[in-house]
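Worksheet: one structure, shown below.
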Amino acid sequence: MLFGRTTLSKFVIEHTRGQHSEMGALLIDVAAAVKTISAQVGKGALSGVSGALDVTNIQGEVQKKIDVLANEALLRHCEWGGQLAGMASEEMDTPYQIPEQFPRGRYLLIFDPLDGSSNSDVNVSVGTIFSIFSRFTAGDAEDADFLRPGTEQVAAGYAIYGPCTMLVLTVGTGTHGFTLDRESGNFILTHPDIRVPTETREFAINSSNERFWEPPVQRYVSECKAGKSGVRGADFNMRWIASMVAEVHRILMRGGIFMYPKDNKDPAKPGRLRLMYEANPMAMLIEQAGGAASTGRQRILDVAPEELHQRVPVILGSREEVERLVRYHQEYDTGADRPFVSPLFSERSLFRD
Ligand code: AHG
Ligand code: MN
Ligand code: MN
C-alpha cells in the first residue's frame, strides 16, 4: 500500500521551489532516463545488447553497447525540456550541444551513463552517476563552463541497478534514497536523510594495485589487515565490487571507506576515477550524508578542474577513517611518519663494515 508515500516527483517539486524550481523538471527527466536504463539493464542477455563495441572512448576504455545505449537514454530524455545549456558524459569526448529545435536553460548536466559496466555481463550491480551545475546565464554552454569545482554542484545523484533499482539524490539538503516500485513505475522515498556512520570496520580497495600505492595508503591498509593484534586493535572486513556506485551505496547504508587512491601504475594518470562525473557527485552525496571525501591531500569538492575527463584520487566514506588517511598523507608529506635514522649508523656510515 503506497498511498501517502512520497514520490520522487513530489519530493523534487517540494525541494526545488524558489531559486531552482526549473531543476525539478530536469530531475524528473533524469529519473525517466534512469527507468529506461534500468529496464534495459534488467533484461540481461535477453536484451541482445551485451558485449563490447569495436570502439574506445576518450578514456581509452572499450565502450560496451550498453554504455552507448545508456548515454543515448540520458541525452534523449533530458535534451528537450528547456532546462539545459549543455550536457557532458564519460562516453562523449566533448560536451553535447542542445539541438537547435529545443529551448535552452541555465543548467549543465554531467554524467557517467553506466558505471561499472564491465560488471553488467556478469549480473553484478551497475549504476548511473550524475551531477548538475547552474550557470548565471541561459544559452549554449562553452566547454569551459563545465570546469567548475564540485562545491558549485546544485544537485548530484546516482541510480543503482541491483536486485532493486534505487535513485539516491541530493539537492543540497541531505542525501535521500528512492526505491523504484516496478508495479507503479514510481520512485518512492524509502531512505530519507541517509547518514553515514562516522566509524567503520570495513574498507574497500582494489588490492591488486598494492605495489603501486603511495606509502600512506600502504600503511593504512596494512594496519587494517593486521586486525586485533595490530595498532588498530580491531579486525576489519574488506569488500571490492568494482562498481563505484555499489561501493558508495553500501557505505551510505552501513558505513565504510572506499579508496581508489593515487598510484604510480601509469604516471600519466593521477587516479583511476574521473572528477566531474564520478568523484564530485559521490563526494557531494557522501558529505551531505555526514561523511567525508578527499584526494588524500585535498577535499574532492575543492579540486579546480582543468579538463572534463580528468582523473583524481578518491578516498571517501566514514568521516573518522577518511580523516585518519588524510593525516597519514600529511605525516608522509612532512616526513613525520619516518623514524629518525642517525647518519652515523646508516648504510653508508663510517661505523659499518
Ligand atoms: P566505468 O565502468 O564507468 O569505467 O567505471 C568503473 C570504475 C568504478 O566503478 C570502479 O570503482 C572502478 O572502475 C573499478 O576499477 P578496477 O577494475 O581497477 O577495480
Ligand atoms: Mn564509472
Ligand atoms: Mn561508465
Side-chain angles (χ1 to χ4, degrees), residues 30-31 33-35 37-44 50 59 61 64 66-67 70-71 74 90-91 111-131 156-170 175-180 182 187 190-191 194-197 200-209 236-261 271-274 277-289 291-293 300 312-318 321-322:
V30 170
V34 157
K35 287 183 213 171
I37 300 168
S38 170
Q40 192 73 45
V41 168
K43 289 187 178 120
S50 57
Q59 321 291 320
E61 289 159 0
K64 306 190 91 164
I66 193 79
D67 286 318
N71 193 58
L74 281 152
E90 178 189 340
E91 304 302 340
F111 46 82
D112 176 353
L114 208 61
D115 174 67
S117 56
S118 65
N119 276 330
S120 62
D121 287 344
V122 292
N123 202 7
V124 166
S125 295
V126 290
T128 296
I129 312 173
F130 63 92
S131 163
Y158 65 80
I160 178 165
Y161 313 114
C164 66
T165 289
M166 284 188 71
L167 197 142
V168 177
L169 175 71
T170 179
T175 294
H176 309 277
F178 301 81
T179 303
L180 181 61
R182 294 191 199 273
F187 275 110
T190 47
H191 297 69
I194 298 167
R195 304 305 293 167
V196 181
T200 182
R201 294 287 173 261
E202 198 162 71
F203 67 99
I205 194 162
N206 180 345
S207 66
S208 70
N209 293 325
F236 281 71
N237 246 335
M238 199 196 86
R239 292 284 183 275
W240 188 250
I241 305 172
S243 274
M244 187 195 199
V245 164
E247 317 274 5
V248 170
H249 192 68
R250 185 188 60 246
I251 289 169
L252 285 170
M253 294 296 112
R254 69 175 189 211
I257 180 170
F258 168 87
M259 296 163 275
Y260 216 120
R272 161 87 170 83
L273 298 171
R274 281 60 55 109
Y277 40 81
E278 291 175 323
N280 266 344
M282 293 311 203
M284 184 176 178
L285 288 160
I286 288 282
E287 284 200 4
Q288 285 288 322
I300 284 175
V312 69
V314 175
I315 295 163
L316 59 77
S318 295
E321 293 302 305
V322 174

NE2 on His249 to CZ on Arg254, rounded to 0.5 Å | 11.0 Å

Ser243/Asn119 under side-chain hydrogen bond (donor to acceptor under 3.5 Å, both in side chains): CA gap, chis, key distance, verdict | CA-CA 7 Å; Ser243 274; Asn119 276 330; 2.9 Å; yes

Do you know which two heavy atoms are closest between Met284 and Ala156, and how far apart they sit?
-> SD-CB, 3.9 Å

Thr200 and Glu321: which non-hydrogen atoms are nearest, and at how many Å?
-> CG2-CG, 3.4 Å

With sequence neighbours excluded, residues passing salt bridge (charged side-chain N to carboxylate O under 4.0 Å, His left out) with Lys35 = none

Would you call Val245 and Ile129 a side-chain contact if the rule is heavy atoms closer than 4.5 Å?
-> yes

For side chain to side chain contact (heavy atoms under 4.5 Å, CB included), just list the numbers for Thr190 and Met166, CA-CA rounded to whole Å, side-chain angles, deciding distance to a tenth of an Å, and then say yes or no.
-> CA-CA 9 Å; Thr190 47; Met166 284 188 71; 4.1 Å; yes

Contacts of Phe258 that satisfy ring pair (Phe, Tyr, Trp, His ring centres under 6.0 Å) - sequence neighbours left out = Trp240

Pairs meeting criterion salt bridge (charged side-chain N to carboxylate O under 4.0 Å, His left out) with involvement of residues 112-121, two or more places apart = Lys64-Asp121

Return yes if a side-chain donor-acceptor contact under 3.5 Å exists between Asn280 and Ser131, otherwise no.
-> no

Going through the checks in order, is the side chain to side chain contact (heavy atoms under 4.5 Å, CB included) test met by His191 and Thr175?
-> CA-CA 9 Å; His191 297 69; Thr175 294; over 6 Å; no

Atom CG of Asn206 and atom CD1 of Ile241: how far apart are they, to the nearest 0.5 Å?
-> 12.5 Å

Is there side-chain contact between Leu252 and Ile286, with at least one heavy-atom pair below 4.5 Å?
-> yes

Short question: side chain of Ser318, backbone of Gly256 - any donor-acceptor pair under 3.5 Å?
-> yes

Non-hydrogen atoms of Val34 and Ala159 that approach each other most closely | CG1-CB, 3.5 Å

Mind jotting down which residue pairs meet the salt bridge (charged side-chain N to carboxylate O under 4.0 Å, His left out) criterion with at least one end in residues 158-170? Sequence neighbours excluded, please.
-> none

Let me see the working for Leu74 and Phe130 under side chain to side chain contact (heavy atoms under 4.5 Å, CB included), right down to the final yes or no.
-> CA-CA 10 Å; Leu74 281 152; Phe130 63 92; 5.9 Å; no

Separation between CD1 (Ile257) and CD (Glu202), nearest 0.5 Å, reads 12.0 Å

Hey, are the side chains of Thr165 and Arg182 touching, using non-hydrogen atoms and a 4.5 Å cut-off?
-> yes

Below 4.5 Å, heavy atoms only, C-beta onward: do Val168 and Ile194 meet side chain to side chain?
-> yes

Partner residues of Glu91 under the salt bridge (charged side-chain N to carboxylate O under 4.0 Å, His left out) criterion, sequence neighbours left out | none

Hey, could you give me the CZ/CE distance between Arg195 and Met253, rounded to the nearest 0.5 Å?
-> 12.5 Å

CG-CE distance between Leu316 and Met244, expressed to the nearest 0.5 angstrom | 5.0 Å

Would you please name every residue forming a ring pair (Phe, Tyr, Trp, His ring centres under 6.0 Å) with Phe178, sequence neighbours left out?
-> Phe11

What are the two closest non-hydrogen atoms of Ser117 and Ser120, and how far apart are they?
-> O-OG, 2.8 Å

Any idea which heavy atoms bring Gly317 and Ile251 closest together, and the distance?
-> CA-CG2, 3.7 Å

Would you indicate whether the side-chain heavy atoms of Val41 and Leu114 approach each other to under 4.5 Å?
-> yes

Given Val314 and Glu278, is the side chain to side chain contact (heavy atoms under 4.5 Å, CB included) satisfied, shown in steps?
-> CA-CA 9 Å; Val314 175; Glu278 291 175 323; over 6 Å; no

What closest approach, in Å, do Ile300 and Ala283 show between heavy atoms, and which atom pair accounts for it?
-> CG2-CB, 3.8 Å

Distance from Tyr260 atom OH to Ile205 atom CD1, nearest 0.5 Å?
-> 9.0 Å

